[in-house]
Student: 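Would you mind keeping the following structure in view while I ask a few things?
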Amino acid sequence: MVADSSVFGDLVGQKAAVDEIRRAAQAAGRIIRNDTGNTSAMTHAWLFTGPPGSGRSLAARAFAAALQCSAEIPGCGQCRECKAVFAGSHPDVKIVSTDLVTICATEVREFVAQSYLAPACGNWRVFIIEDADRMLRRTTNVLLKAIEEPGPRTVWILCTAAVADVLPTIRSRCRNINLVTPSVGEVAKLLTERDGTDPQTAAVCAQAAQSHIGVARALATDAQASGIRKRTLEILVSVRGIGDAVIAAEALTNTDYMMYGKKGKTKTSLAEKVSAEKTKKMEALGLDAAGKIPAALRNQINVDSALVKRRETRAKRDLYDRELIYLESYFRDVLVCRLGSSVQLINPDFEQSIRRRAENTQIGAAIKILDELEQARARLAQNGAPATVFAAALGAVTADVNLF
């Protein structure tokens with residue numbers, strides 16, 4: 001079967017959302033052409049919600065591309081405008097995302113100012129705020145005025161997991177599009193058709209990612225991502241006592257080991273990271289990294305060490321959270337086996353280990369472990385010390401399990 005080449009091709013299992021986006025894009029086209037047809041399907045502020053992996057950010061980009069599309073049917077995926085949006089090079093589509101813990105007010109304020117300008121070359125000025133739940137209250141207040149009194153031909157798209165993640169004053173002014181978790185089969189099919197993954201690997205990756213499209217694609221195409229999952233589960237299998245739990249916690253919080261395995265990199269200091277980023281900026285501007293920095297370019301080249309540290313903290317948090325999700329998936333499978341359920345395992349490639357543990361784990365113990373792992377995720381989100389959090393969680397793994 002030929003893959004859907006439109007901008008909606010990767011939005012698997014989202015028919016209702018895609019239909020609504022298409023209607024809005026068609027109504028937007030009528031507004032641009034000053035047609036007298038019904039334009040009520042289009043509005044200036046949108047809230048895209050859905051569970052992790054459902055494709056919120058992808059849906060937002062697809063909508064932005066459809067709004068800029070020059071084809072008769074919006075969202076063709078082949079015209080220059082559609083390709084520019086997905087390449088991140090369209091001048092009228094701005095994406096607010098962050099690799100830090102929060103989205104700063106300064107960045108949003110800059111885009112609010114731009115939102116009152118006319119589109120440079122497209123039909124609309126589109127601003128996508130990914131992870132809108134990362135906006136602090138003061139940041140949200142900066143955005144509120146622009147949504148209450150939008151600039152002409154300006155569209156705001158906020159992406160987050162749930163409607164409750166944004167303030168009532170914001171969500172009451174946005175039209176909500178809710179995405180759902182696609183099925184494992186739909187995600188596996190996407191990996192096969194779009195990425196050329198063999199069907200068996202695609203099925204394992206889609207199942208291991210629990211239908212999270214981004215994670216499934218990473219597991220199928222990125223050796224580092226698949227290595228993190230494999231090492232996480234292998235470390236878990238090795239835990240048979242409190243001593244093992246402490247050693248395992250140290251391994252799971254060693255980011256170099258988890259990302260690179262035995263070939264892990266030498267730990268890089270903050271000063272070295274700042275220097276490397278500064279060198280990269282200079283090279284991008286065509287300057288000699290060892291030469292003198294022109295006074296006019298110093299502000300562009302100087303690197304804020306605090307910003308580098310916050311970025312590193314966010315990356316570590318994301319890695320630790322992903323590891324805990326893998327640990328949870330293992331014990332979810334243990335519980336499924338213990339209950340004798342016919343539900344498909346999340347980790348079929350670890351089935352033998354899972355079934356052995358299920359034979360020696362009481363149902364109540366498995367449930368308690370899952371609760372402990374979920375609490376560990378909450379503690380990490382509240383800035384708990386990673387090594388301590390992991391040691392406590394893995395200690396719980398050994399406490400109520402009759403190990404084999």
Student: Using a 3.5 Å distance criterion without hydrogens, assess whether the side chain of Asp35 forms a donor-acceptor pair with backbone atoms of Gly37.
Tutor: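 No, Asp35 side chain to Gly37 backbone: no donor-acceptor pair under 3.5 Å.
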Student: Going through the distances and angles, do Thr197 and Asp195 end up as a side chain to side chain donor-acceptor pair (under 3.5 Å)?
Tutor: CA-CA 6 Å; Thr197 307; Asp195 301 307; 5.0 Å; no
Student: Would you confirm whether Asn254, through its side chain, and Asp256, through its main-chain N or O, come within 3.5 Å as a donor-acceptor pair?
Tutor: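 Checked: pair present.
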Student: Any Lys/Arg nitrogen of Lys230 or Glu234 sitting under 4.0 Å from an Asp/Glu carboxylate oxygen of the other?
Tutor: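 Glu234 and Lys230: salt-bridged.
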Student: Taking all non-hydrogen atoms of both residues into account, name the closest pair between Ala41 and Ala24 and its distance.
Tutor: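 Closest approach of Ala41 to Ala24, heavy atoms only: O-CB, 3.4 Å.
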Student: Does the pair Glu351/Arg355 count as a salt bridge with the N-to-O cut at 4.0 Å?
Tutor: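 Yes.
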Student: Roughly how far, to the nearest 0.5 Å, is the CD atom of Glu374 from the CZ atom of Arg377?
Tutor: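 The CZ atom of Arg377 sits 5.0 Å away from the CD atom of Glu374.
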Student: Using a strict cut-off of less than 4.0 Å between a Lys/Arg side-chain nitrogen and an Asp/Glu carboxylate oxygen, indicate whether Glu20 and Lys15 qualify as a salt bridge.
Tutor: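 Here Glu20 does not pair with Lys15 in a salt bridge, since their nearest N and O are not under 4.0 Å apart.
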Student: Checking the side chain of Ser54 only, and the main-chain atoms of Thr181 only, is there a donor and an acceptor separated by less than 3.5 Å?
Tutor: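 No; judged by distance alone, with no hydrogens or angles, the pair does not exist.
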Student: Given side-chain contact (heavy atoms from CB on, under 4.5 Å), test Thr232 with Tyr330 step by step and report yes or no.
Tutor: CA-CA 10 Å; Thr232 299; Tyr330 183 94; over 6 Å; no
Student: Mind listing the closest non-hydrogen atom pair of Tyr257 and Ala251 along with its distance?
Tutor: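 Taking every non-hydrogen atom into account, CD2-O, 3.9 Å.
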Student: Verify the neighbour count for atom CD of Glu148: are there more than 12 heavy atoms of other residues, nucleotides or ligands below 6.0 Å?
Tutor: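 Atom CD in Glu148 is packed in, count exceeds 12.
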Student: Measuring from atom CG of Leu191 to atom OG1 of Thr201, what distance do you get when rounded to the nearest 0.5 angstrom?
Tutor: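 Taking CG in Leu191 and OG1 in Thr201, the distance rounds to 10.0 Å.
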Student: Please determine whether the number of non-hydrogen atoms from other residues, nucleotides or ligands lying under 6.0 Å from atom CG of Leu117 exceeds 12.
Tutor: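 Atom CG in Leu117 is packed in, count exceeds 12.
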Student: Could you go through Thr255 and Tyr320, starting from their C-alpha distance and side-chain angles, then the distance that decides it, and tell me whether this counts as side chain to side chain donor-acceptor pair (under 3.5 Å)?
Tutor: CA-CA 9 Å; Thr255 54; Tyr320 298 153; 5.5 Å; no
Student: Between Asp349 and Arg229, is the closest basic N to carboxylate O distance under 4.0 Å?
Tutor: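 Yes, Arg229 and Asp349 are salt-bridged.
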Student: For Ser70 and Glu81, what are the C-alpha separation, side-chain angles and deciding distance, and is it a side chain to side chain donor-acceptor pair (under 3.5 Å)?
Tutor: CA-CA 7 Å; Ser70 59; Glu81 289 77 11; 3.0 Å; yes
Student: Aromatic rings Phe63 and Trp46: how do their planes relate, parallel, tilted or perpendicular, breaks at 30° and 60°?
Tutor: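 Judged by the thresholds at 30° and 60°, the geometry between Phe63 and Trp46 is perpendicular.
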Student: Which residue, Ile170, Thr140, Asn176, forms the side-chain contact (heavy atoms from CB on, under 4.5 Å) with Leu158?
Tutor: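 For Leu158, the side-chain contact (heavy atoms from CB on, under 4.5 Å) test succeeds with only one of Ile170, Thr140, Asn176, which is Ile170.
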Student: Find out whether the Lys NZ or Arg CZ of Arg322 is both under 6.0 angstrom from the six-membered ring centre of Tyr326 and within 45° of the ring's axis.
Tutor: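 Output yes; distance and angle both within limits.
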Student: Can you spot which of Leu324, Leu373, Ile235 makes a side-chain contact (heavy atoms from CB on, under 4.5 Å) with Phe390?
Tutor: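 Of the listed residues Leu324, Leu373, Ile235, the side-chain contact (heavy atoms from CB on, under 4.5 Å) partner of Phe390 is Leu324.
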Student: Check whether more than 12 heavy atoms from other residues, nucleotides or ligands sit under 6.0 Å from atom CZ of Arg33, and answer yes or no.
Tutor: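 More than 12 within 6.0 Å, yes.
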Student: For the CZ atom of Arg56 and the CD1 atom of Ile128, what is their distance to the nearest 0.5 Å?
Tutor: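 Spacing of CZ (Arg56) from CD1 (Ile128) equals 13.0 Å.
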Student: Please assess Gln375 against Arg379 for the test side chain to side chain donor-acceptor pair (under 3.5 Å), listing each intermediate value before the final yes or no.
Tutor: CA-CA 6 Å; Gln375 286 187 40; Arg379 292 186 188 111; 3.0 Å; yes
Student: CZ of Arg332 to CD of Gln210: how many Å apart, nearest 0.5 Å?
Tutor: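 Here the rounded value is 7.0 Å.
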Student: Taking the six-membered ring for Trp, are Phe127 and Trp156 parallel (under 30°), tilted (30 to 60°) or perpendicular (over 60°)?
Tutor: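 Taking Trp156 first and then Phe127, their aromatic rings lie parallel (interplane angle under 30°).
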Student: How many angstroms lie between atom CG of Asn141 and atom CZ of Arg109, to the nearest 0.5 angstrom?
Tutor: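 Here the rounded value is 10.5 Å.
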Student: For a quick test of reading the model, state the closest non-hydrogen atom pair linking Val336 to Val343 and the distance between them.
Tutor: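 Taking every non-hydrogen atom into account, CG1-O, 3.7 Å.
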Student: What is the minimum heavy-atom distance between Asp318 and Arg134, and which atoms define it?
Tutor: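 Shortest heavy-atom separation between Asp318 and Arg134 comes out as OD1-NH2, 4.4 Å.
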Student: For a quick test of reading the model, state the closest non-hydrogen atom pair linking Gln68 to Trp124 and the distance between them.
Tutor: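 Looks like NE2-O, 2.6 Å.
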Student: Just how far is it from atom CD1 of Ile354 to atom SG of Cys337, taken to the nearest 0.5 Å?
Tutor: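 Interatomic distance, Ile354 CD1 to Cys337 SG, rounded to 0.5 Å: 6.5 Å.
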